[in-house]
Amino acid sequence: MRDLLVFSGSSNKGLAERICRCLGVEEGEVSLSKFSNGETSVTMVDSVREKDVYIVQSGSGHVNDNFIEMLIMISACKMASAKRVTAVLPLFPYSRQPDVPYNRKGAPLVSKTKSSYTYDSVPSTPRPSSRNFYSASDVQKLDLNQPRQSGANVSNLVLSPAPLSPAKSPFFKSRVTSDAPADKGYHPTALPTNASSPGLKGSDVNSLVGYKQWIAQSGTLVANLLTTAGADHIITMDLHDPQFQGFFDIPVDNLYSKPLLQHYIANYIPNYQKAVIVSPDAGGAKRATSVADALEMEFALIHKERRQKLTSDTVPSSNSGTPSNGPYSYFHSNLSTASLSGGTSSPMLHGGSLSKEKIVATTMLVGDVEDKVCIIVDDLVDTSYTITRAAKLLKAQGAKYVYAIVTHGVFSGDALRRIRSSGIDKLVTTDSVPQEDLVAELGDMVEVLDVSRIFAEAIRRINNGESVSMLFDHGW
Amino acid sequence: MATNSIKLLASDTHRGLAELVSSRATLSRLGLKLTNVDIKRDSNTEVSFSIKESIRDEDIYIIMQIGSGVVNDKVLELLIMINACKTASARRITAVLPNFPYARQDRKDKSRAPITAKLMADMLTTAGCDHVITMDLHASQIQGFFDVPVDNLYAEPSVVRYIKENIDVSEAIIISPDAGGAKRAAGLADRLDLNFALIHKERARANEVSRMVLVGDVTDKICIIVDDMADTCGTLAKAAEVLLDNGAKSVIAIVTHGVLSGNAIQNINNSKLDRVVCTNTVPFEEKRSKCPKLDTVDVSGVLAESIRRLHNGESISYLFRNTPL
């Protein structure tokens, strides 16, 4: 290995050690500590002059500390005349971009810790509402589950959860003031953003009307910061958004864990050809289908819709749309979307008076999993909300055994507890994030795959100027 | 211009100074309130940030107090806030960083040590910062690390006022706790027309203090130790002992940035210091209750006035000598 030096940040020392072992090099010595005021102190102990330096740091643990530590290490190497500095980020920090604000409080990546995990659900397919004859008192009541009313003003169509720019949440202020007409027969649904609507009072008005919000998109920033610190090259794995590569002005090698996962499926899952690959959400469908295609397996998809629902907190309504008393309980969404689109929802289901909106999720499974082994494939599990819910749905649909295979297992918050009590029978993840806690907590339920060989081979190839693309197909 | 007004932004934690700044007369006359923002920390400790008002074409001031312990979190929070404002088409973004992070790592003091202050400067510029307001930079050369204008304000006028109002100046003497701070202390002594003494210190390692030697006569004087930063307060406590051993009547320490990390509170409480006065550039409200010897000098007026002057394109240098009301 010519002039090759691998340094490890403090987030994933084990992985760096294994990478060094695969490369047959000594790990570079670096002194990392913190001053008493919380500032990070870095000194590269080994000389890096004219060396090809690789710094391994995962976006796990305390992300901000680790990220700044990485920036300082890059900067220190650059300033100490390193020839080239490559940032090796097995899990890229801030790689999930908050996009559509699903509620008025924040982005989807933000989750709150709950005491219990019930997955609220409403019928997924809204029915036209504008022709419904509400009683006079219902006139101004709002129904966000009825987005497409025929003949509605275009600017009234703020309710669709379809892609919106970050500035435009579903509650983005509309200037249209649609006063309810006096005509008793025809009552267009009022807008929740309409300040003149009765029922909006006090602080609710302030939070509902006016400029909505601007959500920070930190992707470009993180990319620019790495470049500014002096990184010449980035190696990462299974980027959540492949577009992320375009944020950089320097080369980015996005490695894939897919060969490794396929290897596990083919060798360690008995009768894997009869199993079903499941994508827990539509965004991961492509990832999951590529695995299914490569192994010639069947494929199923769980589709999740997040909608805004208005719930009553002042008037206790018997028809507030909870799964227990509504006709659409969670598992009513049955086997196919067709049965759902044929569903009819009672207008009364949404009859609560307006006070606050709430996110509800509709989950439906496309494909047959009955009496089969299911393999959920995802790239990143954080709160584990998505995969545990997927597992629950799969089990309810008759799945025999549920594997969850994820590349990056962050498992923050109470994810471990949630997984233990979920329908997941076996959790397979990689050591892109240190998983000692996970193994200690969940024991036999967990398999941790080693990605160090992939990274070591990529580093070796980059150092030698060989092609890296061969790694994409064969793994190592 | 009608649309170009001042917008003040602050994080959700440690916003004490920002609230003080927005309530100062110079700004509150403009009816300036803190802009409604929402900062969330994901369970995996990443930060997400949203602004609840339009800031298109506005003059943005982000006030960020960086206390001890959470420096890196605050730095990334600030960078994300700046970047969010930039992409939300703000006209100009000014970072108000009373206590500049990593200001002490401003030179390559060992082989292969980073110049983190320079990295911070680069990162702020990369994020989209157009202007920086800071206070009592550890080394004023840090201004040269930036490609954007930096206004380094001085706490000195506020400190001078505090000394005149609270300490019997006739018996006082200004002390610099190390050779590096001699210039700062001498400047203050000149302003107050007081004598000046210096403690020479041999530092073995960072955050640790070794032998101290006093240069000057402090017999029967009220000693005012002046420094730009108090971290673990080990230096201050030792200096106080040296001064009292040399016949000083009492010892007061006045520092601009009271970081007070580690066991600083314990050190102060156990020391022979009469009082430790810090400006409120660093959040230390919760520490005050644990330490009766702590006192504050409010610098929010200086910051508020500098923001007003910057916005209106007036000279800032007036503030180097005078305190606004």
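Hydrogens, waters and symmetry mates are skipped; everything else that's a heavy atom, side chains included, is used. First the proteins, then the strands, lettered A, B, ... as listed; each starts at 1.
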Approximate separation, where rounding is to 0.5 Å, of Lys78(A) NZ and Ile115(B) CD1: 14.5 Å

Heavy-atom side-chain proximity of Val45(A) to Arg112(B) below 4.5 angstrom: no

Note, Asn44(B) side chain near Ser60(A) side chain (heavy atom, < 4.5 Å): no

Donor-acceptor side-chain pairing of Asn64(A) and Thr45(B) below 3.5 angstrom: no

Interface residue of largest heavy-atom contact number with chain A, from Val70(B), Leu260(B), Asp122(B), Asn263(B), under 4.5 Å: Asp122(B)

Atom of Arg104(B), atom of Asn37(A) and distance for their closest heavy-atom approach: NH2-ND2, 3.0 Å

Pick from Gly59(A), Gly230(A), Cys77(A), Ala76(A) with the largest number of heavy-atom pairs that fall under 4.5 Å of chain B: Ala76(A)

Leu221(A) side, atom CG; Met81(B) side, atom CE - distance, nearest 0.5 Å: 13.0 Å

Reported NZ-to-OG distance for the pair Lys34(A) and Ser261(B), which is rounded to 0.5 angstrom: 11.5 Å

Lys108(B) NZ: over 12 foreign heavy atoms closer than 6.0 Å: yes

Derivation of the side-chain hydrogen bond (donor to acceptor under 3.5 Å, both in side chains) call for Thr40(A) and Asn72(B): CA-CA 8 Å; Thr40(A) 304; Asn72(B) 293 340; 2.8 Å; yes

4.5 Å side-chain heavy-atom contact, Val71(B) and Phe35(A): no

For Val42(A) against Pro114(B), the heavy-atom pair lying closest together: O-CD, 2.8 Å

Residue selection (most heavy-atom pairs with chain B, distance under 4.5 Å) from Val48(A), Asn224(A), Asp65(A): Asp65(A)

Which atom of Thr43(A) lies closest to which atom of Ser111(B), heavy atoms considered: CG2-O, 3.8 Å

Donor-acceptor contact present, side-chain Tyr102(B) to main-chain Ser41(A), <3.5 Å: no

Validation row: Met79(A), Leu119(B) side chains within 4.5 angstrom (heavy atoms): no

Any side-chain donor near an acceptor of the partner, His62(A) and Asp73(B), under 3.5 Å: yes

Segment of Val410(A) engaging chain B (4.5 angstrom heavy-atom cut-off): side chain

More than 12 heavy atoms of other groups within 6.0 Å of Glu26(A) CD: no

Heavy atoms from other residues, nucleotides or ligands near CG of Asp12(B) exceed 12 (cutoff 6.0 Å): yes

Portion of Phe411(A) that has a non-hydrogen atom of chain B nearer than 4.5 angstrom: neither

Sole candidate of Leu76(B), Leu79(B), Ile80(B) that passes side-chain contact (heavy atoms from CB on, under 4.5 Å) when paired with Ser218(A): Ile80(B)

Selection from Leu225(A), Thr227(A), Asn66(A) maximising heavy-atom pairs under 4.5 Å formed with chain B: Leu225(A)

Nearest atoms (heavy-atom pairs only) where Ile68(A) meets Met120(B): CG2-CE, 4.3 Å

Spatial distance of atom OG (Ser48(B)) from atom OH (Tyr94(A)) [nearest 0.5 Å]: 8.5 Å

Max heavy-atom pair count under 4.5 Å with chain B, selected residue of Ala80(A), Ser47(A), Ser31(A), Ala229(A): Ser47(A)

Side-chain heavy atoms of Ser75(A) within contact of Thr116(B), under 4.5 Å: no

Atom group of Ile82(B) that falls short of 4.5 Å from chain A, counting heavy atoms: neither

